[in-house]
Structures are given as C-alpha cells and as structure tokens.
Amino acid sequence: MKKENFDQLYNDVKNGRLSIRQGVELLAQFVCENKPLFKLQCYDDDFASEMILYFLERGEKVFDVYDPEKEDFFKFFFFFIKGLVNIKRRVIAKKNLNELLIFEENVNTYCGKDKYGIKDSYETHMMYSDEKSNYSPVSLSQLQKYFTDKKNNIIDKKILILSLKSCFYISEKQIKEICDYCNLDEDIFYASIQYCKSSVKEKLNKREKFIQRRNFSYYYHRKYSMQLQEYSVYSNKMETIECKNRMLKLEKHHYQNWKKMNCKFEEGFMYLRPTNKTIAELLLISERQVSYYINCAKKEDRKKTMTKNEE
C-alpha cells in the first residue's frame, strides 16, 4: 500500500467496503514493510514486533478518532504510530526500572555490604568520565592543526601519548599538571581527551553490559548459597533433596561465571583505551611512532622497577 491510498483506505472502512479489522491489518502490514519511515529500525527486532502487536490491539482507534477535515489520513496515522512508540518505550523503561529496583533490593538482602565481592585491580582505578560544565567541543581538524603547529614545542611526547591512552582514568587535576609540564593548552588537551573517549563508546557499552552480567551472577550465587543454608541437612524428603540438588547446580553455575568474569577483568579485559590508530590520527603521526613511545615508556618503567628491586 502506498501513501496515496491511505485516504481511500479510510473511506473504504467508513463506507463498509472493508471491516475495521481489515483496515487495521492493512495498516500494520504497511508499518512492517516501512520500518525506516517510523524509525523502528533503530530498535531491536523484539521491540518492532511488540510495537506491531501493540498497534493491532489498539489500531481501531485510528478510524474512530481521525477527523478528515483537519488533515490527511496518512499524516494522522504517522503521528499515531509515533505516539504508540513513545508509549511503548515508557512502558519498557518503567518495567526495566522496576526490575532494577527489585534486583538492588535483593542484592542488599543477600549480599549486604559485600555487594559484588569485587577486589579487582581494574575497579581501583577511578574513571573520570564527567565533562566540564564549560566544555565546548573542538573539531578534529582544529585539534590536528594545534598539534601540528605545536609539534616541536611539546616537551615530552611519551607523557602526551600515555595520557591520551589513559583518557578514561585521568583526572582533571592530572590534566592541568600534564598541560603545565608538556606546555599544552588546557582546553585543547581536554578536547583531545574527550575525542579519545568518544572513539571507544561502543567498547564502553559492552563493558557496562559485561559488568551487569558479572553482578547478576554474583547476586544469584549469593542468593542460592543463602537459600541452601535454610534447608535442613537431616531432611529426607525427596522433594527437598531434589530442590537442594537443583539449587547446588545453579549456585555452582553462577559462582563459576562470576569468578570467570572477574578473572577476565583482572587480566585487563575491557580496559577502556583508544587505539594507536586513533591517537595517530589525532596527532598526525604514524601508528609506529605511537607504539614506539609506548614501548619506550614500558622500558623506562621496567628499568625503574629493576633498580628498586636491586636496592
């Protein structure tokens, strides 16, 4: 069905040539075939499917509420669908919030102050991700021009490159100290830090999902552990034994998942670092130069460690 046929479809339904249900189904088919028009391709397939079902349940209102004297039927239908999308999003957001609140409440019940039993080195690094209130973005071309003009006046390129590599873990105080030491403009350097952060947004989202999975595994491990303690060791009832065995299996499964994910973090999994290519593009140097400065810093660090050990 094309846009031009919408007014004809409305007239057919009102004149009885089509039933309201048939009209709703034809409109639902149009939405299915034209998801980009309603920006449904921005959501996952589950959301789009739920949206179609949601419309099939409530679509009859389109023919009851529409007034032909005010606007054409397609325009009215378009905004009707957009309104349903917003309603559906709010319903899902509310549901997710309720699930999160229930989860947090249960975490406090089963885990107490221990929370997720986290002692990973990665968690001890403070992630400074908040932007300055007066921060104004700078284009990549402006940043590149600044570093090109400044190429011979930067005191220590190793510190500059390592700072950009550590963009998610560097504080505002450290930014000021680095700018003073390397003779850099603070606003430009801050914009460079934000540029490097933006290059790993996808990895940040994956990291947050991974952390959430780790937290859920720890919660269920603790939950089943505490519930197992409530079962009497001396109970011979068959249903109690079966239930206990099932809980033991689940507790072991979640415990192993939690330990495995924590080990991955300890080994450096999902550290948030921009690639050498990103830094090279920003500074207008080769990736090999970036690698060279990082390796030089590593050698210096190893040399200092060996000197300390000898002392």
Side-chain angles (χ1 to χ4, degrees), residues 35-36 39-48 85-86 88-90 92-93 96-97 99-100 103-104 116 118 120-147 159-176 178-179 184-217 261-262 264-287 289-291 293-294:
K35 288 179 183 177
K39 295 191 176 177
L40 289 177
Q41 86 283 4
C42 299
Y43 307 97
D44 57 32
D45 291 337
D46 289 338
F47 180 89
V85 169
N86 290 334
K88 193 65 183 170
R89 284 177 61 193
R90 284 196 293 271
I92 291 172
N96 290 342
L97 180 60
E99 286 177 356
L100 183 62
F103 169 69
E104 288 293 338
Y116 308 116
I118 301 162
D120 311 335
S121 58
Y122 83 94
E123 291 284 15
T124 61
H125 295 286
M126 183 66 182
M127 286 177 61
Y128 298 90
S129 57
D130 293 331
E131 291 186 359
K132 288 181 179 179
S133 56
N134 60 345
Y135 167 67
S136 54
V138 180
S139 69
L140 176 59
S141 58
Q142 287 176 290
L143 294 174
Q144 288 172 331
K145 185 177 185 305
Y146 174 81
F147 286 115
I159 290 179
L160 171 61
I161 288 169
L162 290 174
S163 301
L164 294 172
K165 266 288 188 186
S166 308
C167 59
F168 269 94
Y169 309 95
I170 191 169
S171 68
E172 202 169 316
K173 182 184 175 184
Q174 288 170 324
I175 288 174
K176 289 178 181 178
I178 291 164
C179 289
L184 295 169
D185 180 274
E186 192 177 318
D187 291 333
I188 291 290
F189 184 57
Y190 189 87
S192 304
I193 292 286
Q194 295 303 321
Y195 170 77
C196 290
K197 281 183 183 179
S198 67
S199 71
V200 289
K201 271 186 179 177
E202 189 177 337
K203 195 173 182 181
L204 175 62
N205 292 334
K206 286 181 181 177
R207 182 181 186 274
E208 287 173 349
K209 286 177 182 176
F210 195 85
I211 289 173
Q212 190 178 45
R213 280 173 54 207
R214 188 277 312 272
N215 294 348
F216 269 83
S217 288
M261 286 188 271
N262 265 354
K264 282 191 175 182
F265 273 126
E266 287 172 357
E267 291 164 3
F269 175 73
M270 285 289 183
Y271 272 171
L272 297 172
R273 293 184 289 250
T275 62
N276 289 356
K277 184 179 178 182
T278 300
I279 294 172
E281 285 177 356
L282 174 65
L283 302 179
L284 287 179
I285 59 177
S286 68
E287 289 181 54
Q289 281 182 281
V290 176
S291 299
Y293 285 116
I294 291 171

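Just so we're clear, the structure is a prediction, and the values are computed from it rather than from any experiment. Start at 1 with the first residue, then count along the sequence.
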Practice problem: Kindly give the heavy-atom pair with the smallest separation between Val200 and Pro274, and that separation in Å. | Solution: CG1-CA, 3.8 Å
Quiz prompt | Heavy-atom check, side chain of Leu284 versus side chain of Phe147, under 4.5 Å | solution = no
Self-check item: Flag side-chain contact, heavy atom, 4.5 Å: Ile178 against Leu160
Solution: no
Practice problem: Would you check if Gln194 and Lys197 make a side-chain contact, meaning some heavy-atom pair closer than 4.5 Å? | Solution: yes
Practice problem: Heavy atoms only: give me the nearest Ile161-Ile285 pair and the separation to one decimal. | Solution: CD1-CD1, 4.3 Å
Quiz item: To the nearest 0.5 Å, how far apart are SG in Cys167 and CG in Leu272?
Solution: 8.0 Å
Quiz prompt | Spacing of Leu164 atom CG and Asn276 atom CG [to the nearest 0.5 Å] | solution = 11.0 Å
Quiz item: Once you round to the nearest 0.5 Å, how far does CZ of Phe189 lie from CD1 of Ile170?
Solution: 5.0 Å
Quiz item: Could you go step by step and tell me if Ile279 and Leu283 meet the side chain to side chain contact (heavy atoms under 4.5 Å, CB included) rule?
Solution: CA-CA 6 Å; Ile279 294 172; Leu283 302 179; 3.8 Å; yes
Quiz item: Looking at Ser163 and Ile193, what are the two nearest heavy atoms and their distance?
Solution: O-CD1, 3.9 Å
Practice problem: Any chance you could lay out the side chain to side chain contact (heavy atoms under 4.5 Å, CB included) test for Thr278 and Thr275, step after step, and finish with the verdict? | Solution: CA-CA 5 Å; Thr278 300; Thr275 62; 2.9 Å; yes
Self-check item: Minimum heavy-atom distance between Ser199 and Cys196, given as atom pair plus value
Solution: OG-O, 2.6 Å
Quiz item: How far apart are the closest heavy atoms of Gln144 and Glu281, and which atoms are they?
Solution: NE2-O, 2.7 Å
Practice problem: Could you tell me whether a side-chain N or O of Ser166 sits under 3.5 Å from a main-chain N or O of Tyr169, the two making a donor and an acceptor? | Solution: no
Quiz item: So which heavy atom on Arg273 is nearest to which on Lys165, and how close?
Solution: CG-O, 3.6 Å
Quiz item: Is a side-chain donor or acceptor of Tyr146 paired with a backbone partner of Asp185 at a separation under 3.5 angstrom?
Solution: yes
Quiz item: Between atom CZ of Arg214 and atom CZ of Arg207, what is the distance when rounded to the nearest 0.5 Å?
Solution: 9.0 Å
Quiz item: Would you say Phe47 and Val85 make side-chain contact, with heavy atoms under 4.5 Å?
Solution: yes
Quiz prompt | Atom pair CG/NZ of Leu204 and Lys206 - distance to nearest 0.5 Å | solution = 12.0 Å
